[in-house]
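Just so we're clear, the structure is a prediction, and the values are computed from it rather than from any experiment. Indexing begins at 1, ligand by ligand and atom by atom, following the structure's order. We number each residue from 1, following the sequence as shown.
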Amino acid sequence: MSIRRELFAGEVLYRQGDPSDCAWLVESGQVELVSVHGRRTTRHGLLGAGELLGELGLIDGAPRSATATARSDCRLLAIERAQFLERLQSGDPILRTLVDSLLQRIRGLVATLPAETALPSEDVACDDPTERSGIDKIRLEAQLRDALDAGTLEVRYQPIYDIAARRVAGYEALVRWALEGRGPVSPAEFIQLAEETSLIVPVGEYVLDRVVAVLQALRDGGAEPLPSIAVNLSARQLVEPGMARQIVARAERNRLPPGALKLEVTESRMLDYAPVAAVMAHCREHGLPFALDDFGTGYSNLTHLHALDFEYIKVDQAFARHMFDSPRAMKMVEAIVAMAHALEAKVICEGVETREQLARLRELGVEYAQGYLIGQAAPTGAVLSGEAARAGEAAAGA
Ligand code: C2E
Ligand code: CA
Ligand code: CA
């Protein structure tokens with residue numbers, strides 16, 4: 001949970017010599033830093049919106065080197081030690097060594113200075129664009145924590161169409177975040193941010209909670225057959241200790257039938273296949289099938305298919321997009337379908353936007369289609385009422 005503090009002009013945020021328990025980001029107002037050495041008082045200047053204070057002590061644990069006092073009414077956001085350390089530890093080891101050595105050098109220098117020497121402020125005004133984007137990230141991360149606590153992330157459901165049966169067979173859960181004053185933030189942006197820290201774990205649990213609740217409501221409402229819902233998981237989430245067991249336990253506790261909950265592996269850096277394979281085997285034994293997401297682009301490659309077992313392969317939307325303008329793309333879709341079928345996996349083609357594409361996929365023996373033709377991600381209500389499925393089936397031209 002993120003901590004915000006509001007101070008009146010004149011209030012002290014922390015005092016010189018206090019332990020460094022967190023750093024602060026100024027959201028509004030101005031804070032002055034003043035240090036006292038012997039009889040000499042040094043004013044380090046005012047910090048305003050978007051500036052950081054107290055970050056050095058956060059990294060090396062040294063006490064506060066100055067007193068921070070609000071000079072106008074202020075709003076500040078705390079940055080916990082873990083937020084910094086997690087990033088430092090996951091960073092390049094060379095960079096880590098550099099940061100350590102720089103810090104030691106600064107602290108060492110300060111220790112050798114005569115008591116009266118003015119200390120440079122540890123907190124610098126920030127107009128470097130890369131540092132700016134770091135501060136934006138810190139802010140975004142805190143806002144994401146708030147959204148999780150307040151329950152304001154929305155989960156939407158994009159229909160997945162069974163081409164042969166001509167019906168909507170399931171949905172993919174896609175998370176949406178409407179940020180006050182900024183509008184909707186693309187999951188492409190904030191999922192990556194969440195993945196850089198352990199925030200991806202609570203985000204995943206949040207989505208899973210919503211999805212299980214929707215599946216239960218559909219089942220209690222007598223939906224027959226019960227549509228399936230696929231949840232996106234990054235490799236990081238998948239191998240998070242206890243995660244797989246927890247997903248399985250949740251499916252069992254709610255007595256979801258096998259196959260109702262599906263897992264899409266979206267990521268990327270599956271460096272070590274052994275733990276991923278073990279987790280997948282555990283989930284599969286308990287009726288949770290896997291799809292390999294975005295196949296054919298980025299990190300979603302043949303090595304994954306060779307090392308791991310997937311029930312479904314999702315062909316990246318780039319292929320559907322270029323099916324008709326590039327004969328090579330068409331050939332590649334044919335080849336991917338043949339390969340998937342040889343591996344006994346079913347194919348879901350993403351990004352289907354026209355009936356022409358759908359007709360061609362039917363000829364190729366692709367099992368499922370997903371895309372704006374069938375429908376965009378719909379709110380829970382439209383899934384529960386069956387409206388999202390009916391609209392999708394009508395648009396596909398059953
Ligand atoms: P994805 O899993 O590949 O999801 C499909 C994305 O393509 C979605 O974007 C969807 O809105 C978009 N899309 C679907 N059909 C069409 C189409 O016909 N045409 C076009 N142009 N686009 C289409 P979205 O919702 O912005 O999601 C972006 C990515 O964020 C997802 O890519 C997924 O990797 C990730 N994501 C979303 N929700 C979650 C989540 O709960 N957990 C995790 N770990 N990742 C998530
Ligand atoms: Ca996906
Ligand atoms: Ca995808």
Side-chain angles (χ1 to χ4, degrees), residues 144 147-148 153-161 168 170-179 183-214 228-240 243 247 261-270 289-301 304 310-324 336 347-358 361 368-380 388 392 395-396:
L144 183 54
L148 276 172
L153 289 182
E154 193 194 350
V155 181
R156 293 207 164 206
Y157 302 87
Q158 187 175 32
I160 298 178
Y161 185 71
V168 167
Y171 302 87
E172 175 180 358
L174 293 165
V175 65
R176 292 279 175 274
W177 182 23
L179 191 53
V185 182
S186 142
E189 184 179 347
F190 74 85
I191 289 293
Q192 197 200 338
L193 176 82
E195 272 176 1
E196 288 170 15
T197 65
S198 40
L199 262 190
I200 191 67
V201 175
V203 170
E205 283 167 3
Y206 184 100
V207 173
L208 204 61
D209 274 344
R210 300 293 156 111
V211 166
V212 168
V214 168
S228 63
I229 300 185
V231 170
N232 287 287
L233 286 180
S234 65
R236 163 155 191 180
Q237 284 174 280
L238 204 56
V239 297
E240 188 71 29
M243 185 73 177
I247 297 176
L261 186 62
K262 296 192 163 91
L263 303 171
E264 290 190 8
V265 184
T266 35
E267 165 96 357
S268 70
R269 292 148 292 163
M270 286 194 254
F290 279 86
L292 177 59
D293 207 355
D294 302 336
F295 184 70
T297 57
Y299 291 98
S300 191
N301 62 37
H304 297 348
F310 289 94
E311 279 82 0
Y312 300 90
I313 292 172
K314 298 193 78 170
V315 179
D316 188 78
Q317 55 188 48
F319 292 93
R321 193 176 308 136
H322 296 297
M323 265 171 88
F324 290 106
I336 293 172
V347 178
I348 303 168
C349 198
E350 299 187 283
V352 177
E353 295 185 355
T354 67
R355 286 193 181 183
E356 197 189 11
Q357 290 167 337
L358 182 64
L361 294 173
Y368 299 95
Q370 181 180 356
Y372 293 168
L373 171 68
I374 320 296
Q376 303 211 12
T380 310

Q. Under 4.5 Å between any side-chain heavy atoms of Ile348 and Ile313, yes or no?
A. no
Q) For ligand 1, which atoms sit closer than 4.0 Å to a heavy atom of Gln158? A) 14 (C), 15 (N)
**Q.** Tally of protein N, O or S atoms, where distance to the Ca ion (ligand 2) is under 3.0 Å
**A.** 4
**Q.** Protein non-hydrogen atom found under 4.0 Å from atom 2 (O) of ligand 1
**A.** yes
Q: Specify side chain, backbone, both or neither for Val231, according to which of its non-hydrogen atoms lie closer than 4.0 Å to ligand 1.
A: neither
Q: Quick one: look up the protein heavy atom nearest atom 11 (O) of ligand 1 and list residue, atom name and how far away it is.
A: Arg176 NH2, 3.8 Å
**Q.** Minimum-distance protein heavy atom relative to atom 16 (C) of ligand 1
**A.** Tyr372 CE2, 3.2 Å
Q) If you count the atoms of ligand 1 from 1 in the order shown, which ones are under 4.0 Å from a heavy atom of Glu350? A) 3 (O)
Q.
Give me the nearest non-hydrogen protein atom to atom 10 (C) of ligand 1 as residue plus atom name, then the distance to 0.1 Å.
A. Leu174 CD1, 3.9 Å
Q | For Gly375 against Gln158, the heavy-atom pair lying closest together | A | O-NE2, 3.1 Å
Q | N/O donor-acceptor pair under 3.5 Å between Arg355 side chain and Ala395 backbone | A | yes
Q. Does an N or O anywhere in Ser186 fall below 3.5 Å from an N or O of ligand 1?
A. no
Q.
Tell me whether Glu189 contacts the main-chain N or O of Ser186 through its side chain, where contact means a donor paired with an acceptor under 3.5 Å.
A. no
Q | Nearest heavy atoms of Tyr161 and Val168, plus distance in Å | A | CD1-N, 4.1 Å
(Q) Students should be able to answer this: which protein heavy-atom is nearest to atom 44 (N) of ligand 1, and at what distance? (A) Gln237 OE1, 3.2 Å
Q. Considering only heavy atoms from C-beta outward, does the side chain of Leu148 approach that of Leu199 to under 4.5 Å?
A. yes
Q: Please report the closest heavy-atom contact between Asp316 and Glu350, naming both atoms and the distance.
A: CA-OE1, 3.8 Å
**Q.** N or O pair under 3.5 Å between Glu195 and ligand 1
**A.** no
Q: Provide, to 0.1 Å, the distance between atom 39 (C) of ligand 1 and the closest protein heavy atom, together with that atom's residue and name.
A: Val175 CG1, 3.7 Å
Q | Within-shell test, Arg156 vs ligand 1, heavy atom, strictly < 4.0 Å | A | no
Q. Measuring from the heavy atoms of Gln370, does anything fall under 4.0 Å of ligand 1?
A. no
Q) For Leu292 and Phe310, which heavy atoms make the closest approach, and how far apart are they? A) N-CD2, 3.4 Å
Q) Under 4.0 Å from any heavy atom of Val207, which atoms of ligand 1 are there? A) 41 (O)
Q.
Could you report the tightest heavy-atom contact between Val211 and Ile229, atom names first, then the distance?
A. CG1-CG2, 3.5 Å
Q: Would you check if Val265 and Phe290 make a side-chain contact, meaning some heavy-atom pair closer than 4.5 Å?
A: yes
Q. Could Arg156 and Glu154 be called an ion pair, given the rule that one side-chain N must be under 4.0 Å from one carboxylate O?
A. yes
Q) Which atoms form the tightest heavy-atom contact between Pro289 and Leu261, and what is the distance? A) CD-O, 3.4 Å
Q) Considering only heavy atoms of Glu172, which atoms of ligand 1 have at least one such atom less than 4.0 Å away? A) 2 (O), 4 (O)
Q: Pick one of side chain, backbone, both or neither for how Asp293 approaches ligand 1, counting any non-hydrogen atom pair under 4.0 Å.
A: side chain
Q. Is it true that Arg321 lies under 4.0 Å from ligand 1, counting heavy atoms only?
A. no
Q: Could you verify whether a donor N or O on one side chain and an acceptor N or O on the other, from Glu172 and Gln370, lie under 3.5 Å apart?
A: yes
Q.
Looking at Leu153, is its backbone amide N or carbonyl O close enough to the side chain of Tyr206 to form a donor-acceptor pair, meaning the two atoms are under 3.5 Å apart?
A. yes
Q | Residues, nucleotides or ligands: over 12 heavy atoms within 6.0 Å of Glu353 CD | A | yes
Q: For atom 21 (N) of ligand 1, find the nearest protein heavy atom and state the residue, atom name and distance (0.1 Å precision).
A: Glu353 OE2, 3.4 Å
Q: Would you mind checking which non-hydrogen protein atom is closest to atom 42 (N) of ligand 1, with the distance to 0.1 Å?
A: Asn232 O, 3.4 Å
Q. Are Arg321 and Phe319 in a cation-pi setup, meaning NZ or CZ lies under 6.0 angstrom from the ring centre and within 45 degrees of the ring axis?
A. no
Q) Tell me: protein heavy atom nearest atom 6 (C) of ligand 1, and distance? A) Gln317 OE1, 4.4 Å
Q. Does ligand 1 have an atom under 4.0 Å from some heavy atom of Gly351?
A. yes
